[in-house]
Amino acid sequence: MNARLDHRNPLVFDTHELGRRPGALQRLTRTVDAPRDLGIQGVVGVPEGTPVELDLRLESVMEGVLVTGTARARAEGECVRCLEPLQLDVEADFQELFSYPDADDRGRVIAEPGDDAEDDEDRFHLEDGLFDLEPVLRDAVVLALPMQPVCQEDCPGLCSECGERLADDPDHHHDAVDIRWAALQGLAGTMSDGEKDEMSGDATRSARVDEKQEK
């Protein structure tokens with residue numbers, strides 16, 4: 001069978017040296033460039049091309065090759081509270097069985113095509129001794145990333161009135177305005193100084209007239 005996987009792809013691994021003897025082990029360390037869309041789109045993720053460090057343990061078992069590993073990389077995103085850019089280190093652990101396509105180590109057919117189609121869709125297979133780690137890596141990284149990343153655990157976010165970043169000004173506040181005076185303050189803000197003086201003079205004269213009438 002001709003392999004569809006490209007052995008030149010850094011996320012494709014060759015298990016021929018491991019052999020099919022159950023219990024055989026192989027440890028691998030590799031640094032690869034992150035593939036596209038490695039993360040939660042629009043929230044946080046590992047940018048394409050960012051170095052991803054892989055520590056892998058390959059173990060030959062009866063059904064195939066059991067791959068256990070850890071991926072480490074630097075992710076980038078945006079704080080959900082203050083909207084500032086952020087970076088965080090991500091460490092994702094994973095374990096997946098890559099099954100032999102049609103036989104065990106003694107050459108027996110273990111499944112007929114179509115025996116369990118739904119189960120087969122969720123199963124990863126070796127192709128001519130090769131396996132592609134990318135889908136497993138993608139799932140592991142997504143699960144390891146925070147759904148709501150923050151720049152710091154106690155980030156106060158943004159001011160609900162003006163949008164100011166509260167971490168930059170801990171004393172930031174707005175004076176509360178009595179809604180009963182809001183209309184008058186708005187009117188005063190649209191007046192010229194002359195109009196304000198005239199209104200003030202009218203108010204003074206009115207007060208004097210009232211005072212005389214009382215006498």
Side-chain angles (χ1 to χ4, degrees), residues 1-101 105 118-155:
M1 181 179 67
N2 293 325
R4 290 173 294 172
L5 298 178
D6 185 354
H7 68 277
R8 294 170 296 182
N9 183 333
L11 284 171
V12 171
F13 293 81
D14 191 335
T15 66
H16 284 101
E17 291 186 13
L18 188 65
R20 284 198 172 192
R21 182 171 56 83
L25 292 174
Q26 185 178 6
R27 295 183 182 276
L28 298 173
T29 300
R30 183 181 295 184
T31 300
V32 302
D33 292 339
R36 293 174 52 190
D37 304 324
L38 187 59
I40 306 170
Q41 191 170 8
V43 180
V44 62
V46 180
E48 183 178 2
T50 299
V52 179
E53 297 179 3
L54 298 174
D55 291 324
L56 303 179
R57 179 178 182 268
L58 280 55
E59 180 181 2
S60 179
V61 296
M62 292 289 291
E63 299 87 354
V65 175
L66 182 66
V67 179
T68 306
T70 300
R72 300 179 183 85
R74 174 66 61 90
E76 297 179 1
E78 186 179 83
C79 178
V80 296
R81 296 179 187 170
C82 68
L83 307 183
E84 286 292 305
L86 59 81
Q87 292 186 334
L88 55 91
D89 293 324
V90 58
E91 181 172 305
D93 297 322
F94 52 86
Q95 184 176 74
E96 190 61 58
L97 175 66
F98 289 85
S99 302
Y100 297 126
D105 63 325
E118 185 175 346
D119 224 17
D120 198 58
E121 288 181 1
D122 298 330
R123 187 180 302 158
F124 292 96
H125 294 280
L126 293 168
E127 295 183 16
D128 195 23
L130 303 176
F131 69 85
D132 184 3
L133 190 65
E134 183 173 338
V136 176
L137 174 65
R138 191 180 306 281
D139 290 346
V141 170
V142 169
L143 289 175
L145 289 170
M147 294 295 293
Q148 295 187 317
V150 291
C151 58
Q152 54 189 32
E153 290 300 325
D154 58 348
C155 174

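Source: prediction; values computed, not measured.
For the pair Val52 and Val141, the minimum side-chain heavy-atom distance is 4.5 Å or more. Residues Arg30 and Leu56 form no side-chain contact, since every pair of their non-hydrogen atoms from C-beta on lies 4.5 Å or further apart. No side-chain heavy atom of Ile40 sits under 4.5 Å from any side-chain heavy atom of Pro149. In this structure the side chain of Asp139 never reaches within 4.5 angstrom of the side chain of Phe94, judged on heavy atoms. Asp89 has its side chain out of reach of Arg72: every pair of non-hydrogen atoms, C-beta onward, lies at least 4.5 Å apart. Counting only heavy atoms from C-beta outward, the side chains of Leu25 and Arg57 approach each other to under 4.5 Å. At least one side-chain heavy atom of Leu126 sits under 4.5 Å from a side-chain heavy atom of Thr15. Side-chain atoms of Cys79 and Val150, non-hydrogen and from C-beta on, do get closer than 4.5 Å to each other.
Between the side chain of His16 and the main chain of Asp128, a donor-acceptor pair closer than 3.5 Å is present. Using a distance-only test at 3.5 Å, with no hydrogens or angles considered, no donor-acceptor pair links the side chain of Ser99 to the main chain of His125. With Arg123 contributing its side chain and Leu97 its backbone, the two residues share no donor-acceptor pair below 3.5 Å. Thr70 places no side-chain N or O within donor-acceptor distance of the main-chain N or O of Asp55, the cut-off being under 3.5 Å.
Here the shortest heavy-atom pairing between Gly45 and Pro47 reads O-CD, 3.4 Å. Across all their heavy atoms, Val12 and His7 have their closest contact at CG1-CA, 4.2 Å. Of all heavy-atom pairs spanning Asp93 and Ala140, the tightest one is O-CB, 4.0 Å. Shortest non-hydrogen contact noted between Pro101 and Arg20 is CD-NH2, 4.5 Å. Between Ala75 and Val44, the shortest heavy-atom contact is CB-CG2, 4.2 Å. Residues Ser60 and Tyr100 share a closest heavy-atom pair of OG-OH, 3.6 Å.
The CZ atom of Arg4 sits 11.0 Å away from atom CG of Asp132, with the distance rounded to the nearest 0.5 Å. A distance of 9.0 Å separates CZ in Phe124 from CG in Leu133, rounded to the nearest 0.5 Å. Rounding to the nearest 0.5 Å places CE of Met62 at 13.5 Å from CZ of Arg21. Here the SG-CG distance, from Cys151 to Leu83, works out to 10.0 Å after rounding to the nearest 0.5 Å.
Applying the side-chain hydrogen bond (donor to acceptor under 3.5 Å, both in side chains) rule to Glu78 yields no partners; only residues at least two apart in sequence or on another chain are considered. Contacts of Gln87 classified as side-chain hydrogen bond (donor to acceptor under 3.5 Å, both in side chains), with partners at least two apart in sequence or in another chain: Arg74, Glu76.
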Worked check of side-chain hydrogen bond (donor to acceptor under 3.5 Å, both in side chains) between Glu53 and Thr31: CA-CA 4 Å; Glu53 297 179 3; Thr31 300; 5.2 Å; no
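Using the six-membered ring where Trp is involved, Phe131 and Phe13 have ring planes that are parallel, under 30° apart on the 30 and 60° scheme.
Residue pairs meeting the salt bridge (Lys or Arg N to Asp or Glu O under 4.0 Å) criterion with at least one member in residues 32-48, sequence neighbours excluded, do not occur.
Across Leu137, Asp6, Val136, a single residue satisfies side chain to side chain contact (heavy atoms under 4.5 Å, CB included) together with Leu11, and that is Leu137.
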